[in-house]
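If you read the sequence from its start, that first residue is 1, and numbering goes on from there. Just so you know, ligand 1 is whichever comes first in the structure, and atom 1 is the first atom listed for that ligand.
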Amino acid sequence: MNIATPTTVAWVGGPPGRVRLLDQTRLPLETHHIEVDTVQGMVDAIRRLAVRGAPAIGVAAAWGVLLGLQHGLQYGVERAGVERDGVERAGVERDGARLAELLRTTCADLAAARPTAINLFWALERMQNHGLARLAAGADGRQLFDALLQEAQTIHDEDVRQCRRMGELGEPFVPDGAAILTHCNAGALATGGMGTALAPIYVAKERGKNVAVYADETRPLLQGARLTAWELQQAGVAVTLITDGMAARVMSEGLVRAVFVGSDRVAANGDVCNKIGTLGVAVLARHFGLPFYVVAPTSTFDPRVPNGARIPIEERPAEEVSEGFGRRTAPRGVAVYNPAFDVTPAELVTAIITEVGVLERPDRVGVDRLLRERGHLALPVA
Ligand code: MRU
C-alpha cells in the first residue's frame, strides 16, 4: 500500500494557467491553498515560505516561468470568454529577440526569490536553456509556451520519480523497530513528490517496517513542529516532537538509531548545506556514533561551488527570532543573527542518498563521479 502524501505544487489550466500551492505558512492549523498567477506572486510565495524546501522551490519556479510568459504574451490578460483571442495573439508573436528577453527576465526575477537552495537556479537554468533552444529553432510565442509547459511538467514528474527512487535506495538504512531523528522538513511538503529525507521512512513503512521518527522542532520557523510532525501524522508514521536542544538528550538515551536530513545545496567536495541547526545534529551524531544520512537528488548538487564555505547563506528577518509567530520573546532592540542555513562538512556525513545511487563518505572524487554518471546540469541563470 502506497503512503498518501500531500500535493505541494500543481499547475492548473492554461494558458492562461495558475500555480496552486498548499500554503505552508498556515499549517498545521489550516490546510489552505493559494493560487498564484504572476511572477511576483510566485517570488513572494517562495520568500515567505508558502512553498519551501529545495526541490519544491525548483518545481514551483519552473511553473512560475509559465506565469511570466503568459503575461508577456498576453495570455490571461483577456477576460474570460475571449481567452481564445489572447491565445491567437500570443501565437503571432514571432520576434525571437523579444521572446528571449521575456524568458531571461522572467527567470532572473524568479532567481532572486531566495539565494541558498540550488534547485531554484537548476530548474530555471533548465527552463531557460530549453526555451532558448526552441527559439533558436524558430519557435513563435505559442510554441515557446507549449514547449516550456512540457518542460515544467517533465521537471515536476522527474522530481516525483526521484523522490520515490531515493526512498527505495534509502529504505535499507532505516532501522526496523527503532526510531530515526530528522531536522526541518524534508518530506512531501518540501518536494513535488514524497520527499527526500522522509522518503526512505515512507518506503520502509510501505514495506512493513516498524518505523518511528523524532522530529526536531527547528527554530526559528518550526518546520519540524508545523510541517514534519503534521505530514508524518497524516501518513500514519509514529512521530515524537522535540525541541532542537533535546536532540543530544534523545541520542544519549539511545532513543534514535540514525539521522536522516535533506539538503539545499551539496558542494563539489560533499559539504552539505541544510536548515540551520543541521550542523549541530551532525556533530552530535558523530559524538554518539550514529550514522548521519543526507537524502538529496542530484539537482541539489552544485559542482560550481568548491566547498560549503562558498555557499550563499540566506539571512532572514530578525523578527523571526525575536517575535516569531506574532509574539515578542526577546527585549526590544536586542541584536539578532538569523542565518537560515548552515553547512555540515563532508567528513561528518555517513552517506548521501541520491536518485542515482548512494555516495558513502562523500568527497570531491565521489561527487564528481556521481554527477558525471548523471550527466549533470547546474549553471547560473544569466
Ligand atoms: O527554509 P526552508 O524551509 O525552505 O528550508 C528547507 C530545508 O532546509 C530542507 O531541509 C531542505 O530544503 C531539504 S528539502 C527536501
- Could you list the residues that satisfy side-chain hydrogen bond (donor to acceptor under 3.5 Å, both in side chains) with Arg47, not counting sequence neighbours?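 Residues passing side-chain hydrogen bond (donor to acceptor under 3.5 Å, both in side chains) with Arg47: none at all.
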
- All pairs passing side chain to side chain donor-acceptor pair (under 3.5 Å) where residues 329-347 contributes a residue, at least two apart: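 As it turns out, the side chain to side chain donor-acceptor pair (under 3.5 Å) pairs with a partner in residues 329-347, which skip direct neighbours, are Glu320-Asn338.
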
- Task: Taking only heavy atoms of Pro55 into account, list the atoms of ligand 1 that are under 4.0 Å away from them.
- Result: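 Every atom of ligand 1 under 4.0 Å from some heavy atom of Pro55: 14 (S), 15 (C).
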
- Item | Pairwise distance CZ(Phe292) to CG(Leu284) - rounded to 0.5 angstrom |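 That separation rounds to 10.0 Å.
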
- Query: Does ligand 1 have any atom sitting under 4.0 Å from a heavy atom of Asn185?
  - Reply: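 Under 4.0 Å: yes for Asn185.
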
- Message: Check contact between Arg114 and ligand 1, using heavy atoms of the residue and a distance below 4.0 angstrom.
- Response: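 Yes; Arg114 lies near enough to ligand 1 that a heavy-atom distance drops under 4.0 Å.
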
- Message: Evaluate Thr196 for polar contact with ligand 1, using N/O atom pairs at a separation under 3.5 Å.
- Response: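 N/O-N/O distance under 3.5 Å: no.
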
- Query: Any N or O of Cys184 that comes nearer than 3.5 Å to an N or O of ligand 1?
  - Reply: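 Between Cys184 and ligand 1, no N or O pair is found under 3.5 Å apart.
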
Side chain or backbone of [X] under 4.0 Å from ligand 1, or both, or neither, by non-hydrogen atoms?
X      : value
Ala186 : both
Thr278 : neither
Gln223 : side chain
Ala197 : neither

May I ask which of [options] has a heavy atom nearer to [atom] than the others do?
atom                    : options                : answer
atom 10 (O) of ligand 1 : Asn274, Leu189, Thr182 : Asn274
atom 8 (O) of ligand 1  : Thr300, Leu49, Asp264  : Asp264
atom 1 (O) of ligand 1  : Arg265, Lys275, Arg52  : Lys275

- Query: Is there side-chain contact between Leu144 and Leu135, with at least one heavy-atom pair below 4.5 Å?
  - Reply: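 They are in side-chain contact.
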
